[in-house]
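Everything on this sheet refers to the single structure shown next.
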Amino acid sequence: MKLGVVSAIFDQSSFEEMIDLVAENGLDCVEVACWPQGKAERRYAGVSHIDTETLTPEKAKEILAYCQEKDVEISALAYYPNPLDENLQKRETAIKHLYSLIDASKLLDVNLVTTFVGRMPSKTVSENLHEAAKVWQPIVKYAEEQQVRIGIENCPMLFTEDEWPGGQNLMTSPSNWRKLFELIDSDYFGINYDPSHFIWQQIDYIKPLYEFKEKIFHVHYKDIKVYPDKLADVGVLATPLEYMSPKLPGLGDVDWGKYVSALTDIGFDGYTCIEVEDKAFEKNYEDVKKSVTLSTRYLRNFVI
């Protein structure tokens, strides 16, 4: 396995500065944030280290040359919108940009895009499954033609009141995974596996690794800490951030030894990236950089 980081946390750095930070930490790879230019709409989103809509073969060569010089690989191009947005204009914008990531991923010889399936918050799961098949089948067909895989992260995207209760991503549970993989049957449509989201949903985060081992294209390292006293006060129907908090790997409730052990069991030898979303390390940009260094030191106990 190769250890890297999601570049969204380095929002104050240019592409070259970001790659330098990745290299300085001794990391092997980076999942590069590729939002549309100037489209920041939520925390950790809107970061664009590669402008996929204007990427040329010449620029791609420059990017790859710099990565090679610093001995850093690009694990995936990342963009996490809601492609099933009920606002059809927003949906169209998200899907159009996803296509640009697929093209850029091929141009850069990365051949992997990480994203969300999306969800219509006001509709049922059944209605969303039908819509997801309609929206995603042509996207996946195009990705197949370009030989670019798509890894869907299992984040529910329902942390705050404006996302509650439906959330903005259908790929939330093993049950939904089975249904989606039946509807969108492709070797190019799989999972960007993040164990932290299963912690607060009270889902086993180890068992699905074995069942879906052929579908795991990319892996995230993010931790979650659930506060039992807060949960007892507000209950599971509250917005999740009322009773849990994202943490650096090792500072939450994920058993990373068991998790990485399971990854080795299934023979996963691909890209694994630290995703930093810990508010305790956001006092300033130096604190943010420190959070990546601390996470790297910790995870090097498991991923060499």
task: Quickly, which of Ser7, Cys34, Ser14 forms a side-chain contact (heavy atoms from CB on, under 4.5 Å) with His49? Name it, please.
output: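 That would be Ser7.
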Going by atom types only, do [X] and [Y] share a side-chain donor-acceptor pair under 3.5 Å?
X: Ser186; Y: Glu144; result: yes
X: Tyr142; Y: Asp103; result: yes
X: Asp223; Y: Tyr298; result: no

task: Could you name each residue pair satisfying salt bridge (Lys or Arg N to Asp or Glu O under 4.0 Å) that touches residues 205-219, not counting sequence neighbours?
output: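 Only Arg178-Glu211 qualify under salt bridge (Lys or Arg N to Asp or Glu O under 4.0 Å).
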Using modelled atom types only, decide if a donor and an acceptor are shared between the side chain of [X] and the backbone of [Y] within a distance under 3.5 Å.
X: Arg300; Y: Gly26; result: yes
X: Asn176; Y: Met171; result: no
X: Tyr79; Y: Pro36; result: no
X: Asn192; Y: Gly151; result: no
X: Glu163; Y: Phe159; result: yes
X: Thr239; Y: Leu241; result: no
X: Glu277; Y: Lys222; result: no

If you measure from [atom1] on [X] to [atom2] on [Y], what distance do you get to the nearest 0.5 Å?
X: Lys2; Y: Asp269; atom1: NZ; atom2: CG; answer: 9.0 Å
X: Glu153; Y: Ile191; atom1: CD; atom2: CD1; answer: 11.5 Å
X: Leu294; Y: Asn25; atom1: CG; atom2: CG; answer: 9.5 Å
X: Thr114; Y: Leu101; atom1: OG1; atom2: CG; answer: 8.0 Å
X: Glu182; Y: Leu129; atom1: CD; atom2: CG; answer: 10.0 Å
X: Arg119; Y: Asp85; atom1: CZ; atom2: CG; answer: 13.5 Å

message: Which residues pass the salt bridge (Lys or Arg N to Asp or Glu O under 4.0 Å) test with Lys70, not counting sequence neighbours?
response: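 Lys70 satisfies salt bridge (Lys or Arg N to Asp or Glu O under 4.0 Å) with Asp20 once adjacent residues are dropped.
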Stepwise salt bridge (Lys or Arg N to Asp or Glu O under 4.0 Å) test for Glu62 and Lys59: CA-CA 5 Å; Glu62 290 177 17; Lys59 182 61 178 176; 3.8 Å; yes
Intermediate values then yes/no, salt bridge (Lys or Arg N to Asp or Glu O under 4.0 Å), Lys61 and Glu58: CA-CA 5 Å; Lys61 287 180 182 178; Glu58 292 73 26; over 6 Å; no
message: So, applying side-chain hydrogen bond (donor to acceptor under 3.5 Å, both in side chains) with Tyr221, which one of Asp194, Thr272, Thr296 is it?
response: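 The single option meeting the side-chain hydrogen bond (donor to acceptor under 3.5 Å, both in side chains) with Tyr221 is Thr272.
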- request: Could you check whether the rings of Trp177 and Phe198 sit parallel, tilted or perpendicular, using 30° and 60° as the cut-offs?
  value: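 If you compare the ring of Trp177 with that of Phe198, the planes turn out tilted.
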- prompt: What ring-ring contact (aromatic ring centres under 6.0 Å, His included) pairs are there with at least one residue in residues 263-284, not counting sequence neighbours?
  reply: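 Checked against ring-ring contact (aromatic ring centres under 6.0 Å, His included) - neighbours excluded - no pair reaches residues 263-284.
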